[in-house]
Peer 1: 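Structure in structure tokens, see below.
Since the model is a prediction, treat every value here as computed from it, not as a measurement. Order of the sequence lines fixes the chain letters, A, B, ..., with proteins taken first and strands second; residue numbering starts at 1 for each chain.
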Amino acid sequence: MNYWLMKSEEHEYSIDQLKEDGHTHWDGVRNYQARNFMRDDMKIGDRVLYYHSNSKPTGVVGLATVCREGYPDFTAWDPKDKHFDPKTQKDAPTWIMVDIAFDQKFDACVELAALKANAKLEEMKVVQRGQRLSVQPVEKKHFNEVCRMAGAKP
DNA sequence: GCCAACGTTGGC
DNA sequence: GCCAACGTTGGC
């Protein structure tokens, strides 16, 4: 099983929205590295740290689980969609998404500042400068540590 | 709003 | 293939 961190802007799609919907398709990723993770490495049952970026506060707000493996991101073909990609061929999808299901919302956000202050997490990608990937792999020990900080069961 | 970091584009 | 220009991300 693999562990991941996925970023969403709170006002775009929040953990509360995911809780209400139960599950969602993770559309709109237009970065090849992130695409490759979703296409090649994400498997059903993988665990996800749900991260709010550009929010107050920013940090990990809960957990989700991968419930459908990589398939074409159909929003790339929709001219009305914010993430429309005119270069994507209809029969050869460039962009891939997965579905994730709500697992739990933390009682309190584990803030980025707290992640940075925890020496056990210094090798975690999200705390490193310039790390902008919206889908990134996480080590099991880091995943467990974030859960511990949240007072949540992994 | 600012700006550093990084990815992508396109001229050559 | 190089690299400057530009666009985006995302913390602060």
Peer 1: For A/F102, what residues pass the ring-ring contact (aromatic ring centres under 6.0 Å, His included) criterion, not counting sequence neighbours?
Peer 2: none
Peer 1: Return a table of donor-acceptor pairs under 3.5 angstrom between the side chains of residues 56-69 of chain A and protein atoms on other chains or two or more places apart.
Peer 2:
| unit_1 | atom_1 | unit_2 | atom_2 | d |
| --- | --- | --- | --- | --- |
| A/T58 | OG1 | A/Y51 | OH | 3.0 |
| A/E69 | OE2 | A/I44 | N | 2.9 |

Peer 1: Show me the dot-bracket string of DNA chain C, counting Watson-Crick or G-U pairs under 3.5 Å, with | for pairs to another strand and [ ] for crossing ones.
Peer 2: ||||||||||||
Peer 1: For residues 113-128 of chain A, tabulate all N or O donor-acceptor pairs below 3.5 Å that involve a side-chain atom, not counting sequence neighbours.
Peer 2:
| unit_1 | atom_1 | unit_2 | atom_2 | d |
| --- | --- | --- | --- | --- |
| A/N118 | OD1 | A/K120 | N | 2.8 |
| A/N118 | ND2 | A/E145 | OE2 | 2.8 |
| A/Q128 | NE2 | A/E123 | O | 3.1 |

Peer 1: Which residues satisfy the side chain to side chain contact (heavy atoms under 4.5 Å, CB included) test with A/D40, sequence neighbours excluded?
Peer 2: A/N36
Peer 1: Among all residues two or more places apart in sequence or in another chain, which pass the side chain to side chain donor-acceptor pair (under 3.5 Å) test with A/T94?
Peer 2: A/T88
Peer 1: At under 4.0 Å between heavy atoms, which parts of nucleotides 5-12 of chain C does protein reach? Answer with one letter per nucleotide, 5' to 3': B base, S sugar-phosphate only, - none.
Peer 2: ---BBBBS
Peer 1: Scan residues 113-154 of chain A for pairs that pass ring pair (Phe, Tyr, Trp, His ring centres under 6.0 Å), counting only residues two or more places apart or in two chains.
Peer 2: A/Y3-A/F143
Peer 1: Could I get the full list of ring-ring contact (aromatic ring centres under 6.0 Å, His included) partners for A/H25, not counting sequence neighbours?
Peer 2: A/F74
